[in-house]
Student: 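Below is the structure I would like to discuss, written out as structure tokens.
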Amino acid sequence: PSTSLLAGFGAWMMVSGYCGSIGAFLNSGPFLAKQLPYYAAASLCALLLKLALVYRFGIEAAIWSSAIAYAGLYGVPAAFIARHSLRCRN
């Protein structure tokens, strides 16, 4: 495998671990509805990026598309939601 593909898998594993952890925290009643639009947008963006970029850049673009879309469109907003919910409880 190419270095770019391996780096992409490394990036995806970091994003996946982070989003999985923050998602477990946010998968309770009131937060589930708040995170759903971000997760849906990240999923759609990842799919569209894959369709647009795989032909041009190769298989590496598939994993990088997922990592970038989920980190930017789900990971960042989910962190703000979680931070806000923790502040409101104190």
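Counting begins at 1 with the first residue of the sequence.
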Student: Work out which heavy atom in S65 is nearest to a heavy atom in A46; give both atom names and the distance.
Tutor: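 Closest approach of S65 to A46, heavy atoms only: CB-O, 4.0 Å.
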Student: Establish whether L5 and M13 are linked, either directly or via other cluster members, by ILVMFWY side-chain heavy-atom contacts under 4.5 Å.
Tutor: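 Same cluster.
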Student: Only counting residues at least two apart or in another chain, list the ones meeting side chain to side chain donor-acceptor pair (under 3.5 Å) with T3.
Tutor: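 Side chain to side chain donor-acceptor pair (under 3.5 Å) list for T3, sorted by chain: empty.
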Student: What's the shortest heavy-atom distance between L73 and A41, and which atoms?
Tutor: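 In terms of heavy atoms, the two residues are closest at CD1-O, 3.8 Å.
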Student: For a quick test of reading the model, state the closest non-hydrogen atom pair linking G72 to P77 and the distance between them.
Tutor: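 Smallest interatomic distance, heavy atoms only, reads O-CD, 3.6 Å.
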Student: List the residues meeting side chain to side chain contact (heavy atoms under 4.5 Å, CB included) with I22, not counting sequence neighbours, and say none if there are none.
Tutor: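 If we apply the side chain to side chain contact (heavy atoms under 4.5 Å, CB included) test to I22, skipping adjacent residues, the hits are Y18, L26, Y74, A78, A82.
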Student: What residues, two or more places apart in sequence or in another chain, satisfy side chain to side chain contact (heavy atoms under 4.5 Å, CB included) together with S21?
Tutor: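 Side chain to side chain contact (heavy atoms under 4.5 Å, CB included) check on S21 returns nothing, list empty.
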Student: Without hydrogens or angle criteria, can the side chains of K50 and S66 be said to hold a donor-acceptor pair below 3.5 Å?
Tutor: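 Indeed, the side chains of K50 and S66 share at least one donor-acceptor pair under 3.5 Å.
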Student: Enumerate the residue pairs fulfilling side chain to side chain donor-acceptor pair (under 3.5 Å) with a member in residues 53-63, sequence neighbours excluded, ordered by first and then second residue.
Tutor: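 Listed by first then second residue: S2-E60.
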Student: Who passes side chain to side chain contact (heavy atoms under 4.5 Å, CB included) against A61, sequence neighbours left out?
Tutor: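 Scan of A61 (side chain to side chain contact (heavy atoms under 4.5 Å, CB included), adjacent residues dropped) gives L53, V54, F57.
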Student: How is the hydrophobic cluster of L51 composed, in terms of its other members, when Ile, Leu, Val, Met, Phe, Trp and Tyr link through side-chain heavy atoms under 4.5 Å apart, directly or indirectly?
Tutor: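 Reading the cluster by chain and number, L51 sits alongside L47.
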Student: Start with the C-alpha gap between F25 and L86, add the side-chain angles, then the distance that decides, and say whether side-chain contact (heavy atoms from CB on, under 4.5 Å) holds.
Tutor: CA-CA 11 Å; F25 175 73; L86 291 173; 3.8 Å; yes
Student: Does A7 offer a backbone N or O that forms a donor-acceptor pair with the side chain of W12 under 3.5 Å?
Tutor: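 Judged by distance alone, no pair lies under 3.5 Å.
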Student: Minimum heavy-atom separation for W64 and S4, please, with both atom names.
Tutor: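 Looking at all heavy atoms of both residues, the closest pair is NE1-O, 3.1 Å.
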Student: How does the hydrophobic cluster around L32 look, that is, which other residues are in it when side-chain heavy atoms under 4.5 Å mark a link?
Tutor: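 Other cluster members: none.
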Student: For S43, what residues pass the side chain to side chain donor-acceptor pair (under 3.5 Å) criterion, not counting sequence neighbours?
Tutor: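 If we apply the side chain to side chain donor-acceptor pair (under 3.5 Å) test to S43, skipping adjacent residues, the hits are Y70.
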Student: What distance separates M14 CE from F9 CZ, expressed to the nearest 0.5 Å?
Tutor: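 Between atom CE of M14 and atom CZ of F9 there are 15.5 Å.
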Student: Which other residues belong to the hydrophobic cluster containing V76, where Ile, Leu, Val, Met, Phe, Trp and Tyr are joined when side-chain heavy atoms lie under 4.5 Å apart, directly or via other members?
Tutor: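 Same cluster as V76: F80.
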Student: Verify the cluster assignment for L49 and Y39: are they in a single hydrophobic cluster under the rule of side-chain heavy atoms below 4.5 Å apart?
Tutor: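 Unlinked, L49 and Y39 end up in two clusters.
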Student: What are the two closest non-hydrogen atoms of I63 and G8, and how far apart are they?
Tutor: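 Closest approach of I63 to G8, heavy atoms only: CG1-O, 3.6 Å.
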